[in-house]
Amino acid sequence: MSKSSPIWHPFTQHAVQQEMIRITGGSGAYLTKADDEQLLDAIASWWVVTHGHCHPHVIGALKEQAEKLDQVIFAGHTHEPAEQLARQLLSCTPDGLDYVFFSDSGSTSVEVALKMALGYWHHLGEKRQRIVVMENSYHGDTIGTMSVGERGVFNQPYNPLLFDVARVPFPFESNAQNTLDELEKVCAQGDVAAFIIEPLILGAGGMLMYSAEILRAIYEICKKHHVLFIADEVMTGWGRTGKLFACEHAQITPDIACYSKGLTGGSLPLAVTMCSAAIYDEHYSSDRSKTFFHSSSYTANPIACAAAVANLEIWENEPVYDRIEELIKMQAAGLARFENDDRFTNIRQTGTIAAMDINVKDHGYLSDIGPRLYAFFQKKNILLRPLGNTLYSMPPYCVTQGDINQIYDAIAEAADELL
Ligand SMILES: *Cc1c(COP(=O)(O)O)cnc(C)c1O
């Protein structure tokens with residue numbers, strides 16, 4: 001095998017995929033390739049881009065901030081972009097999330113959430129140390145987030161480093177009561193610190209969807225047993241599910257919530273972990289040992305915060321909800337084309353996210369149907385990246401009917417040629 005580049009790409013097996021697609025620009029729902037062809041970004045560049053690439057308002061804001069203040073230590077110091085963003089976040093997130101802790105990736109925001117939860121019980125003097133998770137979940141690729149995520153081929157070598165958690169089954173429609181019963185049982189043991197969940201959709205686990213009623217029932221069991229409820233809205237946040245945050249569908253306020261990906265509109269890395277006053281207050285003490293000992297070098301980077309502020313202004317000043325409503329309808333119509341096609345199963349949608357499974361015998365992430373489809377779509381200049389045998393699209397909200405047609409036409413052609 002020739003090794004032409006020193007770069008080690010994420011989630012890439014370089015022995016079978018040598019050619020990287022070189023991207024030179026981005027605008028709206030499109031990326032520009034080095035050969036000047038336009039690539040339709042049907043997965044929002046790994047679920048981060050919301051209003052479109054290089055939105056002028058975001059780019060303007062980060063340019064302006066970059067000329068004033070690029071970076072400053074956030075321990076003992078503060079700055080306007082972070083202050084303004086925190087105020088805006090408090091007003092747009094569910095009531096009861098009162099404090100904002102900044103970091104720089106979804107994984108880190110989850111690590112922070114887990115530490116907040118354990119710290120809360122520790123400082124309170126109650127021995128609750130167990131974390132409960134849902135099967136098939138994904139919360140990131142760091143050691144702690146792998147521990148609370150699904151175990152499998154992705155993390156097998158690292159198993160010795162992962163900590164034990166309790167698991168409840170995913171609430172498939174036929175199985176939802178079982179999930180609730182299992183959760184009830186484990187929470188009743190009294191040693192559970194927190195339950196962490198991806199509300200409404202398990203993303204990397206295969207776009208598995210469950211109802212707002214189930215989410216609410218899960219939340220109520222946690223509340224009944226004083227188990228902290230951590231919502232990982234890293235993917236589901238910022239409009240993907242049709243509301244700003246997925247928890248709104250169930251009218252619940254988590255004790256801790258993680259937001260990242262679309263927080264800057266998809267322009268710069270930034271994350272926040274928000275929590276209730278109760279959790280903050282338990283760390284608030286003249287006893288310095290109760291300090292929340294966590295930091296990233298770039299905590300609340302001013303340029304990233306300015307981008308996030310601009311993102312929130314777009315939500316206020318542009319008809320983003322109308323675009324989302326349109327997109328939800330377009331996705332539903334696109335999926336409907338495959339309703340009676342037995343090459344596809346589990347056709348499903350939550351908000352702007354549409355998914356279906358390819359009816360192949362060889363399931364699982366390492367099934368070769370995914371890479372073959374990916375290559376087919378690339379030839380058609382569409383960026384779609386199946387998860388195993390799950391085909392999904394999650395475009396930026398600026399896509400047009402023409403763009404959506406392109407996606408579903410290409411899926412139909414792919415089915416005829418490859419399935
Ligand atoms: C992507 C994702 C993460 C990890 O975010 P990174 O920014 O990639 O570290 C965590 N949780 C969920 C639900 C995600 O989809």
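Every number for a ligand or one of its atoms is a count from 1 in the order of the listing.
- The ligand atoms of ligand 1 that sit less than 4.0 angstrom from a heavy atom of S105 are 7 (O), 9 (O).
- When non-hydrogen atoms are compared, ligand 1 lies under 4.0 Å from the side chain of W47 (C-beta onward) but not from its backbone.
- Under the 4.5 Å side-chain criterion, counting only non-hydrogen atoms from C-beta, P199 is in contact with E233.
- Among all non-hydrogen protein atoms, the one lying nearest atom 7 (O) of ligand 1 is G106 N, 2.8 Å.
- Among all protein heavy atoms, the one lying closest to atom 4 (C) of ligand 1 is S107 N, 3.5 Å.
- Considering only residues two or more places apart in sequence or on other chains, F172 meets the ring-ring contact (aromatic ring centres under 6.0 Å, His included) condition with F170.
- Those atoms of ligand 1 with a heavy atom of M235 less than 4.0 angstrom away are 15 (O).
- Between the side chain of T142 and the backbone N or O of S107 there is no donor-acceptor pair closer than 3.5 Å.
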Side-chain polar contacts of residues 61-72 - donor-acceptor pairs under 3.5 angstrom, sequence neighbours left out - could you list them?
residue: Q65; atom: NE2; partner: L69; partner atom: O; Å: 3.1
residue: Q71; atom: OE1; partner: N301; partner atom: ND2; Å: 2.9
residue: Q71; atom: NE2; partner: S297; partner atom: O; Å: 3.1

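- Close approach of ligand 1 to E198 is summarised as follows: ligand atoms under 4.0 Å from at least one heavy atom of the residue are 13 (C).
- With S45 contributing its side chain and V48 its backbone, the two residues share no donor-acceptor pair below 3.5 Å.
- With a heavy-atom cut-off of 4.0 Å, H139 touches ligand 1 through its backbone alone.
- Inspection of the H294 and K115 side chains reveals an N or O donor paired with an N or O acceptor under 3.5 Å.
- Residues H79 and F74 place their aromatic rings such that the two centres sit under 6.0 Å apart.
- Listed by number with element, the atoms of ligand 1 under 4.0 Å from a non-hydrogen atom of D232 are 10 (C), 11 (N), 12 (C), 13 (C).
- Using a non-hydrogen distance threshold of 4.0 Å, K261 registers as a contact of ligand 1.
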